[in-house]
Structure formats: C-alpha cells, structure tokens
Amino acid sequence: MRIIIIQEAGRHDANKHFRECLSMQRSLIKLGVDTDVWGLGHENYENKPEWNNYDAILNLENYDSLGWLPDLSLVKSKKILWSIDAHCRGLGVYNHIFNNGNYDLMLQATKDFVDNNSVWFPNCYDSSLIKVRDEVKKTNFIGFCGSVLHRKEILNFLSNKYDLKEDIWVLGEDMVKAINSYDIHFNLNLSNDINYRSFETLGCGTALLTNQNYQYEELGFHDGVNSIFYSTVEEIVEKLDFYKNSPAELAKIQRNAIDLAKMHTYDERASRLLSVINEI
C-alpha cells in the first residue's frame, strides 16, 4: 500500500519534527507502509505528487490561508480528511473541503462531531519522541505546559495557591522535559475536545488533572486510577490537597498513566487508519 499525507510543515523549529504528518508517517513506515508527506513548507513542495499513484490520500488538518491545498475532486485514490480542530473552527470548513474534494471519509478527533460521513479518531501522542525521561526529576508538584488562551484566570489561581510551574509556549524536547518534571499536569480543554496534551502527559508518566468529559472515560481514562478529573475549582482544590498529602496514591496514578498511554500512540492510530482505509 502507498499513502501520502498532506499537511503544511511545522512553523516552529523546536518542534517541527513533532508535526502530526511526520509522526503518522513514522508509525505507518513501522507497519511496512510506503508513506510520503507533502505540503507547504516541505522540501518537496515544488514537486507536485501524482495523486493517483497512491492507494490513499490523508489530508491532515490544514489552515489553508494561501490557497495551496490541491483540488482532489477528480483523483480516484481513496481520500480521507482528518479533522482535528473542529471544536474551535467549526464543521463548515471541513464539510466544504470534504464535499468539494469528493472525499470518502472524515476522521473526527472529537466524538460529538461524528456523522454518517465520519468516524471517531481521537488524538494521540508520538511515543518515539514523548516518553518518561529518567534523568528528569519531578521537582514541581503541579505544572502547566501550553498556551494560556482561556486558562489565564485558573492558572493565576493555581500559581498563587500551589506554586504552579508555568511553561508557556515551551515546545519540542523542552516540552517533554517540562511535563516530566511535574507530579501533576494541569489541563483545561478548549471546548468539547480531548487535546493532545492529555495523551502526551500520560506518555511522560505524569498525572493528568483535566476537566471532566465523557470522551475520556470511553478512551480508558478513569478518575483516581490513571488520571484526575474535575468539574469545578472547588473540586480542583479538594483533589490537589488530597494528592499532595497522599504521595503513594499519586504515584499509583502516574504508573497507571504509562500503561494507558500505550493505547493512544501514533502506532496504534496508524494501525486503526489502515483498517479504516481497507473498509472504504
């Protein structure tokens, strides 16, 4: 089988190699699949692919403000659109690409958006890049690594009350080291999504503290077992106070997180992708 993944190259040098297209490519190659990557910013961008030479084309979450995405409407290969950011962009842009390009299937990272043309395909993490770093000691009881966005008020609260370590816009290998240094990683999803940081936290052997969402439990996340859920600020305080005084319980969650992480790697998603392609 031959697959090509369409996605713009990463824009930040620190984590270009963490780009979804490259992570999926690495995992597909492990499975023996001949896999190419093409898109704006890649070295091969000027060499337009012969699309019909591929068994399947995966268009992977592109913000096409420059109009570089190809017209695939007449291409006979199996065509799949991977929608990751519908929780913040809305479904309209994806439905437009899907219909105009005569796609066969859409992969939805958020279960709420699944319809007759799509299947649930949750986010994941690259276990070849993100893992437990034994040389990094857990020196921070709680930390946050990511972008502030809608989280400013709660981050300020946690910083004042628990001395939360803020690693804002820390990328790449520094991101992996930062998360490894936390006992607990605070997370607040943007909307009804389950973001990448949820899975990356597991892979670092750090306890995830995140807002309640039914999708978590369907993915194997269980409060007090391999992760920590909250619905209110009061619940955050209650649980942080408990785990601060119960290191053995916290260590158990961290160990279980590593086991759960194995279910949500790009390797696992690549295997699922092949099954999806074969079902089309």
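Residues take their numbers from the sequence shown, with the count starting at 1. The structure presented is a predicted model; accordingly, all values stated were derived computationally and were not measured.
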Inset, instruction - Hydrophobic side-chain clustering at under 4.5 Å (ILVMFWY, transitive links): who's grouped with Phe113? Put none if nobody. - result: Leu91
Legend entry - Linked hydrophobic residues, Leu72 as query - side chain contacts closer than 4.5 Å: Ile4, Ile6, Trp38, Leu40, Tyr45, Trp51, Tyr54, Ile57, Leu66, Trp68, Leu69, Val75, Leu81, Val93, Tyr94, Ile97, Phe98, Tyr103, Met106
Inset, instruction - Under the side chain to side chain donor-acceptor pair (under 3.5 Å) rule, what do Ser118 and Asp115 come out as? Steps first, then yes or no, please. - result: CA-CA 5 Å; Ser118 59; Asp115 58 17; 2.9 Å; yes
Backbone of [Y] reached by a side-chain donor or acceptor of [X] within 3.5 Å:
X      : Y      : result
Gln215 : Asn192 : yes
His42  : Gln7   : yes
His264 : Leu219 : yes
Asn123 : Ala109 : no
Glu249 : Tyr243 : no
Gln25  : Ile5   : no
Arg151 : Leu188 : yes
Asp193 : Leu190 : yes
Asp71  : Ser73  : yes
Gln108 : Val114 : no

Inset, instruction - Step by step, work out the side chain to side chain contact (heavy atoms under 4.5 Å, CB included) result for Thr210 and Thr201. - result: CA-CA 11 Å; Thr210 192; Thr201 299; over 6 Å; no
Inset, instruction - Give the C-alpha distance, both sets of side-chain angles, the deciding distance and a yes or no for side chain to side chain donor-acceptor pair (under 3.5 Å) between Ser227 and Tyr216. - result: CA-CA 10 Å; Ser227 49; Tyr216 276 119; over 6 Å; no
Inset, instruction - Give the C-alpha distance, both sets of side-chain angles, the deciding distance and a yes or no for side chain to side chain contact (heavy atoms under 4.5 Å, CB included) between Ile277 and Met1. - result: CA-CA 10 Å; Ile277 291 172; Met1 179 181 290; 3.9 Å; yes
Test item: [X] and [Y] side chains (from C-beta on) under 4.5 Å apart, heavy atoms:
X      : Y      : result
Leu58  : Leu273 : yes
Ile179 : Ile130 : no
Asp36  : Asn44  : no
Tyr230 : Phe186 : yes
Leu129 : Val176 : no
Thr265 : Ser27  : no
Asn117 : Asn95  : no
Leu155 : Glu166 : yes

When hydrophobic residues are tied together by side-chain contacts of less than 4.5 Å, even through go-betweens, does [X] share a cluster with [Y]?
X      : Y      : result
Ile280 : Leu28  : yes
Val237 : Leu208 : no
Leu164 : Phe141 : yes
Leu274 : Leu60  : yes
Leu22  : Trp82  : yes

Legend entry - salt_bridge(Arg2, Asp34) N-O dist < 4.0 Å: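 Between Asp34 and Arg2 there is a salt bridge, with a charged N closer than 4.0 Å to a carboxylate O.
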Show the nearest heavy-atom pair for residues [X] and [Y], with the distance to one decimal.
X      : Y      : value
Asn52  : Lys76  : OD1-N, 2.8 Å
Ala207 : Ile228 : CB-CD1, 4.3 Å
Met263 : Arg269 : O-NH1, 3.4 Å
Ala9   : Gly41  : CB-C, 3.6 Å
Gly205 : Ile258 : CA-CG1, 3.6 Å
Gly220 : Asn226 : O-ND2, 3.0 Å

Who passes salt bridge (charged side-chain N to carboxylate O under 4.0 Å, His left out) against [X], sequence neighbours left out?
X      : result
Asp267 : Lys30
Lys78  : none
Glu235 : Lys239

Distance, nearest 0.5 Å, that separates [atom1] of [X] from [atom2] of [Y]:
X      : Y      : atom1 : atom2 : answer
Arg255 : Lys252 : CZ    : NZ    : 8.5 Å
Gln212 : Phe229 : CD    : CZ    : 5.5 Å
Asp85  : Glu61  : CG    : CD    : 4.0 Å
Phe144 : Leu209 : CZ    : CG    : 12.0 Å
Glu20  : Ile84  : CD    : CD1   : 4.5 Å
Asp126 : Arg26  : CG    : CZ    : 4.5 Å

Inset, instruction - Could you give me the CA-CA distance, side-chain angles and deciding distance for Lys262 and Glu268, then say whether side chain to side chain contact (heavy atoms under 4.5 Å, CB included) is met? - result: CA-CA 8 Å; Lys262 297 172 185 176; Glu268 291 297 319; over 6 Å; no
Side chains of [X] and [Y]: donor-acceptor distance under 3.5 Å anywhere?
X      : Y      : value
Ser159 : Asn156 : no
Ser198 : Asn195 : yes
Asp241 : Tyr162 : yes
Asp112 : Thr110 : no

Legend entry - Flag if over 12 foreign heavy atoms under 6.0 Å of CD, Glu135: yes
Inset, instruction - Would you verify whether the NZ or CZ of Arg89 falls within 45 degrees of the ring axis of Tyr63 while also being under 6.0 Å from that six-membered ring's centre? - result: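 Here Arg89 passes the 6.0 Å and 45° test against Tyr63.
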Legend entry - Pair listing, side chain to side chain donor-acceptor pair (under 3.5 Å) test, anchored in residues 167-180, at least two apart: Arg133-Glu173, Lys165-Asp167, Asp167-Tyr182
Inset, instruction - Report the C-alpha distance between Lys244 and Leu240 in whole Å, list the side-chain angles of each, state the deciding distance to 0.1 Å, and finish with yes or no for side chain to side chain contact (heavy atoms under 4.5 Å, CB included). - result: CA-CA 6 Å; Lys244 194 164 190 177; Leu240 286 179; over 6 Å; no
